Amino acid sequence: MSYENILVHAENAIATITINRPKKLNALNSKTIHELHDAFKALDADDTTKVIILTGSGDKAFVAGADISEFAHFSVEEGGVLAAKGQELLFDFVQNLGTPVIAAVNGFALGGGLELAMAAHFRIASDNAKMGLPEVSLGVIPGYGGTQRLPQLVGKGKAMEMIMTAGMIDAQEAKACGLVNHVTTPEELLDLANKIASKIMRNSLVAIRGAIKAVNANFEDGVNGYNVEIEEFGNCFGTEDFKEGTTAFLEKRKAAFPGGNSFKRR
Ligand code: COA
């Protein structure tokens with residue numbers, strides 16, 4: 001599939017999606033959101049893709065936010081639809097994807113950009129990255145899940161301060177408060193993302209799918225995460241990967257998880 005605003009590159013079962021509007025600091029316009037949805041959906045359905053890395057093109061920005069020029073004249077109703085559609089198509093979609101998604105934050109991750117990084121399963125950053133939710137400086141609030149996911153990651157007080165001040169934090173501060181897991185140089189960012197992806201891929205992707213579901217359940221209203229964990233744990237016992245993982249351990253050899261055709265359709 002070819003896209004206008006994103007690039008998709010697959011190598012060694014790792015797919016890298018690069019948001020590619022560098023002149024607009026990769027700002028998320030509606031077309032980009034739709035293209036990202038399509039790409040994530042297609043990669044998740046593709047058995048050969050085991051991990052997805054998400055990054056921005058150029059050396060300046062991951063994503064500098066939702067495209068302000070698209071919504072500057074929206075009405076109350078249109079604003080609500082913008083947030084609801086975006087959350088459904090992209091932010092919640094990425095969070096709930098069964099294929100692991102790593103955000104490699106390579107510069108500004110602001111507003112919708114940070115919200116997108118936060119929707120990924122975890123984040124790493126380059127040492128020139130700057131992160132923040134500056135929406136209130138525009139007279140609006142974060143609308144792509146930022147008021148929910150930021151407190152989940154950094155705690156309520158820190159999130160409140162970041163949102164109210166509209167300020168940016170650097171990569172080291174982001175690491176210190178749990179927003180990103182690792183910080184490296186811009187040159188080494190994708191290598192590190194690939195290294196972590198390769199480590200993930202050695203494990204059962206069927207089990208990882210279940211684990212993503214169970215971890216996410218902790219943050220869903222009206223859902224008992226412990227019950228989801230019990231269900232997903234039980235499900236593992238019916239998989240080929242479980243048979244292989246436990247057999248390999250007992251035979252003192254490395255597991256070769258079949259995953260394959262069935263694992264993404266469970
Ligand atoms: N929406 C639309 N366009 C954006 C954008 C956004 N969120 N962020 C950057 N751009 C565009 C700029 O308008 C500019 O386009 P132009 O060259 O056609 O004028 C281009 O990207 C480069 O940005 P510029 O502001 O010139 O770069 P800078 O280095 O001076 O500043 C930022 C970088 C990130 C500090 C600044 O672009 C910025 O504050 N962006 C908006 C961040 C924001 O509020 N995001 C939340 C949106 S809800």
Side-chain angles (χ1 to χ4, degrees), residues 3-7 17-37 54-95 103-120 123 125-154 158-174 177 179-180 183 186 189:
Y3 302 102
E4 197 179 299
N5 296 334
I6 64 171
L7 305 168
I17 301 179
T18 306
I19 301 164
N20 190 32
R21 297 180 76 213
K23 285 190 185 143
K24 294 289 176 190
L25 303 187
N26 306 320
L28 292 177
N29 61 4
S30 164
K31 185 159 182 78
T32 308
I33 288 177
H34 279 88
E35 288 188 355
L36 284 167
H37 171 85
L54 176 64
T55 195
S57 103
D59 53 11
K60 211 168 156 185
F62 173 73
V63 171
D67 192 320
I68 298 167
S69 66
E70 270 194 355
F71 63 74
H73 305 293
F74 273 12
S75 66
V76 169
E77 198 184 30
E78 287 170 319
V81 171
L82 179 76
K85 260 274 163 247
Q87 291 194 19
E88 182 195 330
L89 276 178
L90 185 57
F91 299 81
D92 291 352
F93 192 78
V94 169
Q95 171 173 288
V105 179
N106 59 312
F108 288 114
L110 302 175
L114 180 56
E115 289 172 303
L116 182 55
M118 291 193 294
R123 292 140 293 286
S126 57
D127 53 22
N128 64 336
K130 292 255 191 294
M131 285 158 258
L133 293 179
E135 284 88 343
V136 298
S137 71
L138 298 166
V140 68
I141 72 165
Y144 287 147
T147 63
Q148 307 303 298
R149 291 191 184 99
L150 189 61
Q152 287 166 9
L153 287 162
V154 306
K158 179 84 182 164
M160 284 287 199
E161 183 183 341
M162 284 177 68
I163 291 169
M164 288 182 202
T165 60
M168 294 183 207
I169 59 172
D170 65 19
Q172 286 302 345
E173 192 177 348
C177 69
L179 189 50
V180 305
V183 177
L189 183 67

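Values below: every heavy atom of this structure, side chains too, minus hydrogens, waters and symmetry copies. A quick note: this is a predicted structure, and the numbers were derived from the prediction, not measured. First listed ligand is number 1; within each ligand, the first listed atom is number 1.
The protein does not reach atom 13 (O) of ligand 1 closely, with no heavy atom under 4.0 angstrom from it. Of the protein's heavy atoms, at least one falls inside 4.0 Å of atom 37 (O) of ligand 1. In this structure, atom 26 (O) of ligand 1 is not in close contact with the protein, since no protein heavy atom lies within 4.0 Å of it. At least one protein heavy atom sits closer than 4.0 Å to atom 2 (C) of ligand 1. Shown here, atom 30 (O) of ligand 1 is out of close reach of the protein: none of its heavy atoms lies under 4.0 Å off. Closer than 4.0 Å to atom 23 (O) of ligand 1 lies at least one heavy atom of the protein.
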Would you please test Lys31 and Glu70 for salt bridge (Lys or Arg N to Asp or Glu O under 4.0 Å) and show each step? CA-CA 11 Å; Lys31 185 159 182 78; Glu70 270 194 355; over 6 Å; no
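The N/O atoms of Met168, backbone and side chain alike, include none that comes under 3.5 Å of an N/O atom in ligand 1.
Looking at heavy atoms from C-beta onward, Pro186 lies out of side-chain contact with Asp59 at the 4.5 angstrom threshold.
Of all the heavy atoms of Ala64, the ones lying under 4.0 Å from any atom of ligand 1 are found in both the backbone and the side chain. Residue contacts with ligand 1 for Leu138 involve side-chain atoms from C-beta outward but no N, CA, C or O (heavy atoms, distance under 4.0 Å).
Looking at Asn106, its side chain does come within 3.5 Å of a backbone N or O of Gly56 through a donor-acceptor pair.
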Side chains of residues 135-147: which donor-acceptor pairs under 3.5 Å do they make with residues two or more places apart or in other chains?
unit_1: Ser137; atom_1: OG; unit_2: Pro134; atom_2: O; d: 2.5

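With sequence neighbours excluded, the residues that form a side chain to side chain donor-acceptor pair (under 3.5 Å) with Arg21 are Asp67.
Applying the 4.0 Å criterion to heavy atoms of Lys23 picks out, from ligand 1, the atoms 20 (C), 21 (O), 22 (C). Close approach to Leu110 involves these atoms of ligand 1, each under 4.0 Å from a residue heavy atom: 34 (C), 42 (C).
For the 3.5 Å distance criterion, the side chains of Ser126 and Asn128 qualify, holding a donor opposite an acceptor. Looking at Thr32 and Glu35, their side chains never bring a donor and an acceptor atom within 3.5 Å of each other.
For atom 43 (C) of ligand 1, the nearest non-hydrogen atom from the set Gly65, Pro134, Ala66 comes from Pro134.
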